[in-house]
Amino acid sequence: MALIIDGKKISSEIKDELKVKVAELNDKGIQITLAVIQVGNDPASSVYVGNKKKACEYIGIKSLAYELSQDTTQEELVALVEKLNEDSSVNGILVQLPLPSHINEDTIIQTISPLKDVDGFHPQSVGALSIGQKGFVSCTPAGVIQLLKRSGISIQGKECVIIGRSNIVGKPMALLMLRENATVTICHSRTNNLKEIAKRADILIVAIGKPLFVTKDFVKEGAVVIDVGIHRNENNKLCGDVDYVDVLDHVSAITPVPGGVGPMTIAMLMSNCVESVLS
Ligand code: NAP
């Protein structure tokens, strides 16, 4: 019977551990502050920002909300980020993506000080990860590593196939699995023989953004399957990139959607905020 990896439970454990650490820091007079910037009022972004604020509150991190109008200019946003970079009472800066199309996301990401880059998207953070140096790690892939470790799934020496090569999931995921001594293959939309390659995986990580794309023809018997995808189907129900029902009796462990990878992202963001005062 497959292990259903419980991301809700694991993320709660992490948040509770962080709450204890933050209380200890508070006792030493250290307060953690996260600045969260949202431009416009995209409903999905508002939900994500609201959840981040709630998590901060639970753990004892102070959150500063900057809710900017949709017509904020790039110059105004850069100026705000630079001001927060200089503000020694702010430990982490998060700019909720996507930004309106008149603002260049790369410019904004690169304006955030790498010392406050709790999303782990700054090129310096990504570079540090690729050469094994200390730096903030992108939250969703960091969450996948925690799911595997805390479920007792060993990574070292395993054949890991990652489907997807985005900057925020696929690429950092590959670097993290390499850091954990897996043998890593990255697949993407131009990969030939995708099913055959995916079937080699002991650990298959799927982040392609296509609902129910991965069926059991992609999965080796007994593999661990991690589904990063998240979508709403025609009945308004959440589903992942993996056809969970189809693969379930074929795998040794799997993350459900919802309740798998999803809850881990905020937990790891909170972990990065705590790291920001420890490093
Ligand atoms: P993305 O930027 O759209 O990247 C998708 C990747 O999948 C690309 O590298 C693309 O290849 C590859 N791909 C697309 N179609 C493919 C195909 N038919 N065969 C093989 N590879 C294919 O997406 P993302 O930001 O990484 O997100 C992926 C999924 O994870 C989405 O459903 C997103 O909502 C979800 N997500 C969840 C969380 C969370 O749970 N907290 C966080 C982030 C993302 P090319 O590079 O060749 O185009």
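The model shown is predicted, which means the values in this text are computed figures rather than measured ones. We number each residue from 1, following the sequence as shown. All ligand and atom numbering here is 1-based and tracks the order in the structure.
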Q. Picking from H122, Q74, E82, what satisfies side chain to side chain contact (heavy atoms under 4.5 Å, CB included) with T111?
A. E82
Numbered atoms of ligand 1 (with element) below 4.0 Å of [X], judged on heavy atoms:
X    : answer
H231 : 32 (O)
G229 : 29 (C), 30 (O), 32 (O), 35 (C)
I163 : 20 (C), 21 (N)

Which residue and atom name correspond to the protein heavy atom nearest [atom], and how close is it?
atom                    : value
atom 3 (O) of ligand 1  : I208 O, 4.5 Å
atom 37 (C) of ligand 1 : V228 O, 3.2 Å
atom 43 (C) of ligand 1 : V169 CG2, 3.7 Å
atom 31 (C) of ligand 1 : G209 CA, 3.6 Å
atom 9 (O) of ligand 1  : R165 N, 2.8 Å
atom 41 (N) of ligand 1 : T265 OG1, 2.6 Å
atom 24 (P) of ligand 1 : S166 OG, 3.6 Å
atom 21 (N) of ligand 1 : H188 C, 3.1 Å

Q) Any N or O on L194 sitting closer than 3.5 Å to an N or O of ligand 1? A) no
Q.
So, regarding R190 and ligand 1 (criterion: nitrogen or oxygen to nitrogen or oxygen, under 3.5 Å), is there a contact or not?
A. no
So is [X] close enough to ligand 1, meaning a heavy atom under 4.0 angstrom away?
X    : answer
G262 : yes
G170 : no
T191 : no

Q | Ionic contact status for E159 with K220, cut-off 4.0 Å | A |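 Salt bridge between K220 and E159, a charged N being under 4.0 Å from a carboxylate O: no.
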Q.
Strictly below 4.0 Å, N to O, side chains only: are E17 and K21 in salt-bridge contact?
A. no
With a 4.5 Å heavy-atom cut-off, do [X] and [Y] have their side chains touching?
X    : Y    : result
Q146 : E13  : no
L204 : V251 : no
L97  : F121 : yes

Between [X] (side chain) and [Y] (backbone), is there a donor-acceptor pair under 3.5 Å?
X    : Y    : value
S154 : Q156 : no
N181 : G157 : no
S166 : V169 : yes

Q: State the CG-CD1 distance between L147 and I205, to the nearest 0.5 angstrom.
A: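 Interatomic distance, L147 CG to I205 CD1, rounded to 0.5 Å: 10.0 Å.
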(Q) To the nearest 0.5 Å, what is the distance between CD1 on I37 and CG on L77? (A)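 One gets 5.5 Å once the value is rounded to the nearest 0.5 Å.
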Q) Among M268, K171, M173, K210, which residue places a heavy atom closest to atom 16 (C) of ligand 1? A)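 Nearest option to atom 16 (C) of ligand 1, by heavy atoms: K210.
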Q | M264 contact mode with ligand 1 (heavy-atom cut-off under 4.0 Å) | A | neither
**Q.** Structural part of T140 in contact with ligand 1, heavy atom criterion under 4.0 angstrom
**A.**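 T140 to ligand 1: side-chain contact only, backbone stays beyond 4.0 Å.
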Q. What heavy-atom pair brings C139 and V118 nearest, and what distance separates the two atoms?
A. SG-O, 3.7 Å
